[in-house]
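What follows is a single structure, written as structure tokens, with notes after it.
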Amino acid sequence: MMWRYADGKLALDRAGDWISTELAERRNLVMYNSVGDNDYNTVKTIICAYQMIKPGEYAKSHRHTPNALRLMLDGGAGVYTVVNGVKLPMIAGDVLLTPNWCWHSHYNEGKENGYWIDFLDVPLVHLLEPMFFEQDHGKPQPVTEEPLKHDFWFPYASTQQELARAKPDAQGVRSITLSTPVFKTIELRFHHLAAGKATRKRRTTASSVFACTAGEGTVRAGNERLEFARGDVIAMPAWTPFAIEARNDAVLFECTDEILLRNIDLLREEDLA
Ligand code: GTQ
Ligand code: FE2
């Protein structure tokens, strides 16, 4: 299944005409995969949503046991998130972590709407049941730190530099894994495919979600052929044979439960013809 950023943006803009962050703690649009009797998950362990925050808005502080992270898509200066008192800017392509039980709230002090993609391991926590959630009941988080770098913040500028330095694999694809020792359930990667390059067709018992941060291309998954562009999101359920092909220079972000599968000895991977 694929979700288009253009559609998500339109729906969020319309929601923004009606619903404030006073009425809804988060203005998010869940990407549920309409397969079988599923009515929530994006893939088995991960849920994604587009989220939008308007200038002057403040998405209230809360914390929960699911791990969460955001991939920033668009927004002017002045969009930021606060995680346990640490203020982190949100610039297009940046990845920001809000690990299990960290207080977090989002702000837009700029002039343009801010848009990003949320990734959470909520479906896994649902399955296992240790779901806890706490609200700050209107007490904004005091900002205690405004660091220039932080373990919970992966600026896109650094990502692009690291991708350029990464050794290409046999197919010419450059990949990096973000260093997220705080996450034991999900692992984050970026892939760079130059125009015309393609990944090898493979399948894995891990489930992933891909989001495009630059360029365009095609994902072939099972019997589907999906044309993606910047901001689009693709669900890759476990054991689906797939390959990704770039039409022009493309960068894809990947959020995968591979680390979890590996740690419980359930990771299997197969290269296909
Ligand atoms: O921004 O804190 O899409 O708690 C779902 C749950 C976003 C958030 C979501 C959340 C958030
Ligand atoms: Fe949250």
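Counting begins at 1 with the first residue of the sequence. Ligands are counted one by one from 1 in listed order, and the atoms in each one are counted from 1 as well. Predicted, not measured: the structure shown is a model, and the values here were computed from it.
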Ile47, portion touching ligand 1 at heavy-atom distance under 4.0 Å:
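For Ile47, no heavy atom sits under 4.0 Å from ligand 1.
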Residue-level breakdown please: for His62 versus ligand 1, do any non-hydrogen atoms fall below 4.0 Å on the side chain, on the backbone, on both, or on neither?
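Near ligand 1, His62 shows its side chain, while the N, CA, C and O stay back.
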Determine the sole option in Thr65, Thr185, Asp121 for which the side chain to side chain contact (heavy atoms under 4.5 Å, CB included) test with Asn100 is passed.
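Answer to the side chain to side chain contact (heavy atoms under 4.5 Å, CB included) test with Asn100 among Thr65, Thr185, Asp121: Thr65.
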Under the side chain to side chain donor-acceptor pair (under 3.5 Å) rule, what do Asn113 and Tyr115 come out as? Steps first, then yes or no, please.
CA-CA 7 Å; Asn113 291 345; Tyr115 301 84; 3.2 Å; yes
Heavy-atom contacts with His106 under 4.0 Å: which atoms of ligand 1 show up? List them by number with element.
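Contacts of ligand 1 toward His106, numbered from 1: 1 (O), 2 (O), 8 (C).
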List ligand 1 atoms under 4.0 Å from Ala49, heavy atoms only on the residue side.
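Heavy-atom distances to Ala49 below 4.0 Å select 3 (O).
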Just to confirm my numbers, could you give the angle made at the Fe ion (ligand 2) by NE2 of His62 and NE2 of His104, rounded to 10°?
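So the angle at the metal works out to 90°.
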Set out, in order, the CA-CA distance, both residues' side-chain angles and the distance that settles side chain to side chain donor-acceptor pair (under 3.5 Å) for Tyr107 and Glu57, then state yes or no.
CA-CA 6 Å; Tyr107 304 77; Glu57 282 186 336; over 6 Å; no
Protein heavy-atom partner closest to [atom] - residue, atom, separation in Å:
atom                   : value
atom 9 (C) of ligand 1 : Asn28 ND2, 3.2 Å
atom 7 (C) of ligand 1 : Asp118 OD2, 3.3 Å
atom 8 (C) of ligand 1 : Arg26 NE, 2.9 Å
atom 6 (C) of ligand 1 : Leu120 CD2, 3.9 Å

Lys/Arg-Asp/Glu bridge criterion (N-O < 4.0 Å) met for Glu270, Arg268
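Answer for the salt bridge query: no.
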Are the charged groups of Glu245 and Arg247 less than 4.0 angstrom apart, N to O?
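No, this pair does not count.
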For the atom pair CG (Asp94) and CG (Leu88), what is the distance rounded to the nearest 0.5 Å?
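The CG atom of Leu88 is 9.5 Å from CG of Asp94, to the nearest 0.5 Å.
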Can you name the nearest heavy-atom pair linking Gly16 to Lys54, along with the distance?
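Minimum heavy-atom contact is O-NZ, 2.6 Å.
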Between ligand 1 and Glu25, can you find any atom pair, the residue atom being a heavy atom, that is separated by under 4.0 Å?
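It does not, in that no heavy atom of Glu25 comes within the 4.0 Å cut-off of ligand 1.
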Which atom, counting only N, O or S, brings His64 closest to the Fe ion (ligand 2)?
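Looking at His64, the N, O or S atom with the least distance to the Fe ion (ligand 2) is NE2.
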Is there side-chain contact between Arg220 and Lys201, with at least one heavy-atom pair below 4.5 Å?
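Arg220 vs Lys201: side chains apart.
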